Structures are given as structure tokens and as C-alpha cells.
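Please read the structure below before turning to the comments.
All values reported here derive from a predicted model rather than from experimental measurement.
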Amino acid sequence: MQTRLADDARKRVVWGIALVLIAVTALLGAGPGAAGAATAPPAPPVPVLTWGPCADDPGDGFECATAQVPLDYRRPTGSTIPIAVTRRLAADPAHRTGVLVLHPGGPGNSGVNFARNSYAALPAALRDGFDVVGYDMRGVARSGQVECWNDAEYSAAVDAARGVPGPGALQTALRQGREFAAACRERAGGLVPFIGTGSNAKDLDLLRQALGEETLTFYGRSFGSYVGTVYAAQFPRRVRAMVLDGAYDPRRYADVPYAYDAAQFTALDSAVGRFLDWCAQNATACGFGAGEPRQAFERLKRDLDADPVITASGRPATGYTLAYRLMFNINSGKEIWPYLGEALALAQAHKTSFLLSPPSPGSFDFLNVNLAVECADRVYPSSRLLLGALVGAESASAPLLGPPIGLGPPTYDHNHAPACAQWQAERPSRYEGSYRAAGSAPILVLGTTGDPDTPYQDAVALAGTLDAGRLLTFDAEGHTGYNRSECVSALVNSYLATLALPARGTVCADETPPEALGRRTAAPAPVDETNDVIPTLR
């Protein structure tokens, strides 16, 4: 009992520190206000798209082109950068409605790949009636891949990270964040100031014009929802229909980033905790922990730190590797829970699985962009004291994955503060205006109640921020909702095709439940952070 009381007291102190500092940050604000009125620059030239076979053409019916867009929209007729674009024409041209742009999560995923790999998951009504379009946003893949840390530097950092960080981990995280920010300025300084979402949304409107469309139909998931939000804010009259799935609270994301990060840490740990609670209540179906999965998980992190599994590549899989992979794979919702249990049991036996796969060069490409774009979008207070205090408090407040992710090397969303608070590049491409999108067509915001990555409260906040926002709720675990629910998908497809909105207050609750491993003919694919894709509706 004394230990439990001490733990409870420690948690109250941690939360007290975090809440006080977050409140102070919110009151002080994080960044500059919207820019003052100035003479509008001339309109940038509309790109000319010359369509032809894609360089890696697999015969899937897509064609590719390159759009030249301004590097710096303050100088719209100056230097340009290439944006890779792909499209597949509507299967029923006689009944064509327009263009459907598919935008992936990240930031860091290829929009070209997202459109091509997700096409088969779309219903016939959308494939028949729309040209399906994707593009690699600036700084990603075919559109000028950003590299701050190289593969060797990233490999060394993640291989040395631990699932249970020891003394000095906070200072190491702050040092690595500073080094990453410096590397971005030194190695990619000609591009990183210009990869923010304000410019990305302008690129999207130039693509609209180049495609000859008056308005766009848009589906964006996760980070793609923020791109859609900023596009609608800047070009509200150009929205025909827009679905923002796994949405961001845009104001907190951009202007109060510590508070945003704290909610992400909580959402992630809560989702992992619900999975472990299921394991405790369903020991046979889970196969991990023998009825005490939380304790077993903590032991497993320590065991892998002390005795890593050496993978086929020769690299070690530590407790950090386990935490990193679980952070992404928990996004698949309840249907993957039995497979997570199986993978954890394999890790206990020192056998490899999808949870013991160290981040690869493909991961490093994704992570470089993920960090650089968010540092271009978000302004953290410059106080080093606040940085150390909040990173430490937020990590401690989420005991399952908070310490390895929050105090680890610069990787995914949750631990961007050490780099972004020490960012050394200007942010001319950051969006700083209103998010109301006044005058737009109705916008459908999709939120999942147990989302580990973009908390449900973000979707509620965005729907309330938009002048014409409509919230659709998916009562489920996992990240994003489209094509994970027949109810959600039917409503989204109807809206995209016909503009018919779901009734206010609609809640879908038909998540695929956990099933015994032997009952499935095929397991859900492990999440690969480098390759976003709309899932096939089961």
C-alpha cells in the first residue's frame, strides 16, 4: 500500500507540474500572431502538367506529371521546385463529377503512393465519378526528399535508445534535438523554411488550377486533415467536399504545441493501456502476460534493453524498438490486439516479430520530413527551462510509452519539442490565419473516440472551429475511421459522391472486434509508417 500511495503522489506531482506549465504556455502563447496587412504579391503562374507513364509504371492505370511551383510564395515568380503528381481518370467519363484528391498522413508519406495504393479500396461510385489524384508534397519523396540526419546518424541514435531510459536521458534528448535542428539548417537550409503547410496548401490550389477544376473534392487523413484545414482556410470557395479523418485541433497544434503534445502522449498511453487491460481479462486470447500484462510489459522493456534481440540486419531490437513499433501498430484498433499479444509473447522468447523491427532507411526518410515539416508549422516557446520541464513531465505522465518516445531520439510527433524548440530556420511557409474557412461548403470531420494518434477531442474542436464543420464520430479504438467501419464508409462515400451529410450527432459503433488468431484467414498487415494506405473495408 505504501508503494501505491507513493506512486499516486508522484503522479500527482508530475501532472501538477505539467498542467501548470501547459497553462502558462497557453496563456503566454507560442508564436506570433497573424501577419499584418501587406501588398499582395502577384499571382504565381499556373503549372503546366504534361501527363505520361509513371517512371515505375506497374500498369495500374495511373499517369504522372511534374508541377513547377514557387519555392517561396513571397516571391511567386522566382525560383521553383518540382511537385510530383499522379492521377487515374474517372472510369465513367460520361458521369464524371470532378477531381478527388487523396492526401496521406505523416507528414512524410508519399501522396503519389497513397493515391495509387489506395485506389482499389475506393468504392465504384468514387472511382467512376472522379479523377483520383495524389501528389508528393514539397520535401517528400519525388518532390525533393528532405534529409537532416543521414541513415548512419539515425541508426546510431535509435540503436542506442532504450525502452526504460536511464539518468541523463532528458539531457541526451535535448542535445539530440539541438543537433537535428542544426543538421536541418546545414544540410537542407535551402528547403526547410519553405515546407510548411501554408505553402503546401498553396501548391494544392495551383494543382487545382492546373487540373482545370473550379473546386476540389478532398479526403485527408491524419496530417492530411491539417493540410485540408489550411487549404479550406485559405481557399474556402474552392471546396466542393472535404473529409478530414483523424483530425487535428489546428490552433493548438500550431500555436500551443506543448499542450497538443501532452494530449497525444495521454491518448497513446491510454490506448496501449486499454489493450493491456484486454489482455488481463482475456489471457488466452492475448497470449501475453499471464494475467498481469502491464507488469510483464515493463519487464519486457527492461529485458530487451539488457539483452537486445539481434535482427537479420545485424541491428539490435531493444525496449525502445518495441515502444516505437507499438506506437504505430496500436493505430490499427481492436482487430490487431491478438496479433500484438502474439508479437509481445515472441519478444519475451527473444524471437523477432513486427514489433522488433528497428527503424530502417525508409523510416528515416519519413522521420526527417515528419520533424522538419512540423518544426516549420509550429512555434514552441524558446525557453530552455520550459523545454526541459515539459518534455520531462509529459514523458513521465505517460508511463507505458512516454519515457522511451519522449526521451528518445528525434523521431515521430510526440517528441518533436526538443528539435522544434531549438529550430534554427525561418518559418515563412507556416500558416498563421483563421481556421474558420468562412464561406466554404460543408466539411465533414471524422473523429475516432479511442484514437491513439490524433485524440478525439481534436476532431470535436475542429468541427466547432470550422464555420461549416459537421462531426461524424466513430466509437472505436485505432487511428482514423474511413474503411474501418461499414457505417462510417457508407456515410463518407455518400457525402463525397452526392454531398449528403450525415445527421448531426451521428455515431458509428461497428468496429471489428478482437478475434482468435485461428479464425482469420489473413492477419491485418502490420503498420508501416513509411507507407500510408486507406485500408480495405473488411
Are [X] and [Y] close enough that some pair of their side-chain heavy atoms sits under 4.5 Å apart?
X: Glu63; Y: Thr86; value: no
X: Asn531; Y: Asn117; value: yes
X: Asn493; Y: Tyr482; value: yes
X: Arg427; Y: Arg378; value: no
X: Thr480; Y: Phe474; value: no
X: Val146; Y: Ile195; value: yes
X: Val132; Y: Leu122; value: yes

In terms of the angle between their ring planes, are Tyr435 and Tyr431 parallel, tilted or perpendicular, with boundaries placed at 30° and 60°?
-> perpendicular

Angle class for the Tyr154/Trp149 ring planes (parallel below 30°, perpendicular above 60°, tilted otherwise)?
-> perpendicular

Quick one: are the ring centres of [X] and [Y] less than 6.0 Å apart?
X: Tyr248; Y: Tyr260; answer: yes
X: His479; Y: Phe328; answer: no
X: Tyr231; Y: Phe218; answer: no
X: Phe62; Y: Tyr119; answer: yes

Cys375/Cys184 sulfur gamma separation below 2.5 Å | no

Could Arg436 and Asp467 be called an ion pair, given the rule that one side-chain N must be under 4.0 Å from one carboxylate O?
-> yes

Charged N to carboxylate O below 4.0 Å: is that the case for Asp255 and Arg430?
-> yes

Out of Arg238, Arg96, Arg208, Arg240, which one pairs with Glu213 under the salt bridge (Lys or Arg N to Asp or Glu O under 4.0 Å) rule?
-> Arg96

Salt bridge (Lys or Arg N to Asp or Glu O under 4.0 Å) between Arg138 and Asp203: does it pass, once the steps are laid out?
-> CA-CA 9 Å; Arg138 48 178 63 205; Asp203 295 344; 2.7 Å; yes

Give a yes or no on whether the backbone of [Y] and the side-chain of [X] come within a donor-acceptor separation of less than 3.5 Å.
X: Thr506; Y: Pro502; value: no
X: Asn368; Y: Phe364; value: yes
X: Glu511; Y: Ser485; value: no

Derivation and outcome, side-chain contact (heavy atoms from CB on, under 4.5 Å), residues Thr66 and Ile83 = CA-CA 5 Å; Thr66 301; Ile83 301 295; over 6 Å; no

